Amino acid sequence: MYKPILLVVMDGVGFSKTGLGDAVSLANTPTLDELLKNYPNVKLKAHGSAVGLPSDDDMGNSEVGHNALGCGQIYSQGAKLVNESIQSKKMFTSASWKEVVNNVINHQSTLHFIGLLSDGNVHSNISHLIAMLKEVKLEGVKKVRIHILLDGRDVPATSALIYVNQLEEELTLLNDDSFDAKIASGGGRMKITMDRYQANWKMVEEGWKTHVLGEGRMFASAKDAIVTYRNENPSIIDQDLPPFVIALNGKPVGKIIDNDSVILFNFRGDRAIEISMAFDQKDFDKFDRKYYPNVVYAGILQYDGDLKLPARFLVNPPEIHNTLTEVMVEHGVNEYAISETQKYGHVTYFWNGNRSDKFSNELETYVEIPSDKVSFDERPWMKSAEITDTLIEALKSHKYGFLRVNYPNGDMVGHTGSLPATICSMEALDLALGRIKRVCKEEGYTMVVTADHGNADEMLEKNKKGVIQVRTAHSLNPVPFIIVDDDNKYEFVPGEFGLANVAPTIVKMMGFDIPQCWEKPMIK
């Protein structure tokens, strides 16, 4: 018998394969343990080919994870999408690419690249930057400056020099009398430029000062900056390194000025939107830019299709159609989506196939609980209690046929690298699960529990020398899918499943027809 369904996404909670720093198992989680023991469940693949990424060595992330959860299909995403465009040369024939390149050639100005310098394949890939550098030289660009954001989050925590050295080696091969390319500025991704969901505009302002204005502590090279900051604070990891400006004879080598062009080479949207707003919007008012250069700005992708941000982009995004929400709207189902700021966009924008607007203002209700502006290891419970309070009110209203909630704890606290804090975050999450489970049983809901990728399940790793070190990146581990319903006994069919199998399973539970373009349901 059909019952209204609540889908719980435990962000960043997987099943550990190594047992190294497994905060999920180390935490006291009686509710999660009981659900896994007493209710039907399977493990889902949440990375690589299951979410449209190039290979199974590629970690999943919350964006592609929620795309797959929300549409029941697998689309080429992120790195894979850009890889295909570079390999086919389609990127270099796009109107935006030609505009960016022709602008600097015609004005004999500078082409700037801004982005995350790593091969993490979550926000960016250094190979994309190198491919573009080689192409712009072939096309006659004379001067290039690169503004690097240091990772340590989707790759090992102190690996920045590996990527800086790789880039510097490429620049040495490219530079000659006709081509001058240099690193111009940089800083840790959690210190400058890469804020998301407008939670901390100060980060973006610091990035603007660093990249555009050339203001900040000056160094002779990026390597010099990184080594100096590490010597000053031996415990610091790459994502938290302060901003730096590369200077020659006391002057910045790469301020962004009128008639320059700028390419943001991050392909993931959430942490690219705000800096794009600062470049693209003339009436921007989130901070005082001091100087707003007249540049040709482009993203490697368009980060928000509804806001048309940025206006210029090099690779067309996947056109995601036939989402779960469209099916729900077609059947007149009232939907409810809730999370705190850090993951609000995931249960709305990414869930609905990279769409900012609702499919139906009447049938869709979105609720955002503002996140705290503190380091999440200092407050690992985050907003789990407030989310749960508000969600319970919605459940008791009996207004909605399908509800979804994202608890960011396992992912956001996991990224800090603090195992004790992440254990605490899992225990806070488990308290929320217990409260929700009771209400769902009392009010007649089926509760479905899953995750979008792993993180908290693997907080430590062995480096190439066999030494155990802190891990801040997502894991390649599978995630749970649990159906909690004491009235209906669901049985899984044999097979291997991924996140894209969730939507068809939910639709089958609700008794609706499954779109032919979707993956198969997991239940009989």
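Side-chain atoms are counted along with the backbone in the values below, which use heavy atoms only and exclude waters and symmetry mates. For clarity, every value in this text was computed on a predicted model and none was experimentally measured.
- Asp154 CG to His474 NE2: the interatomic distance, rounded to the nearest 0.5 Å, is 6.0 Å.
- Between Arg435 and Asp389 a salt bridge is recorded (basic side-chain N to carboxylate O distance below 4.0 Å).
- In this structure, the separation between OG1 on Thr158 and CG on Leu241 is 9.5 Å, given to the nearest 0.5 Å.
- In this structure, the side chains of Leu309 and Gln281 come closer than 4.5 Å at one or more pairs of heavy atoms.
- Tyr303 places none of its side-chain heavy atoms less than 4.5 Å from the side chain of Asp270.
- A cation-pi contact links Lys358 to Tyr366, judged by a cut-off of 6.0 Å to the six-membered ring centre and 45° from its axis.
- Atom CZ of Arg471 and atom CG of Leu20 lie 10.0 Å apart (nearest 0.5 Å).
- The nearest pair of heavy atoms linking Asp57 to Leu476 is O-CD2, 4.0 Å.
- Phe512 and His331 have parallel rings, their planes meeting at less than 30° on a 0 to 90° scale where 60° marks the start of perpendicular.
- A donor-acceptor contact shorter than 3.5 Å links the side chain of Glu340 to the backbone of Lys383.
- If you check the side chains of Gln342 and Asp11, you find no donor sitting under 3.5 Å from an acceptor.
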- side-chain contact (heavy atoms from CB on, under 4.5 Å) between Glu364 and Thr348: does it pass, once the steps are laid out? CA-CA 10 Å; Glu364 294 179 78; Thr348 55; over 6 Å; no
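- For the atom pair OG1 (Thr388) and CG (Leu431), the distance works out to 9.0 Å, reported to the nearest 0.5 Å.
- Within the 4.5 Å cutoff, no side-chain heavy atoms of His346 are placed close to those of Asp452.
- For residues 41-54, the pairs satisfying side-chain hydrogen bond (donor to acceptor under 3.5 Å, both in side chains) are Lys45-Ser49, Lys45-Asp56, Ser49-Asp56, with sequence neighbours left out.
- Side chain to side chain, Thr416 and Asp377 fail the donor-acceptor criterion of an N or O pair below 3.5 Å.
- Pairs of residues two or more places apart, or lying in two chains, that qualify as side-chain hydrogen bond (donor to acceptor under 3.5 Å, both in side chains) and include a residue from residues 66-82 are His66-Asn406, Asn67-Gln77, Asn67-Asn354, Gln73-Tyr75, Ser76-Glu84.
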- Trace of the side chain to side chain donor-acceptor pair (under 3.5 Å) decision for Thr390 with Glu393: CA-CA 5 Å; Thr390 309; Glu393 291 179 8; 5.7 Å; no
- Task: Apply side chain to side chain donor-acceptor pair (under 3.5 Å) to the pair Ser62 and His453, showing each step before the final yes or no.
- Result: CA-CA 7 Å; Ser62 296; His453 57 77; 3.0 Å; yes
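- Taking CG of Asp487 as the start and OG1 of Thr446 as the end, the distance is 7.5 Å to the nearest 0.5 Å.
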- Let me see the working for Leu116 and Arg268 under side-chain contact (heavy atoms from CB on, under 4.5 Å), right down to the final yes or no. CA-CA 10 Å; Leu116 187 67; Arg268 177 166 151 178; over 6 Å; no
- Arg404 vs Thr325, side-chain contact (heavy atoms from CB on, under 4.5 Å): CA-CA, chis, key distance, verdict: CA-CA 11 Å; Arg404 58 187 182 268; Thr325 294; 4.1 Å; yes
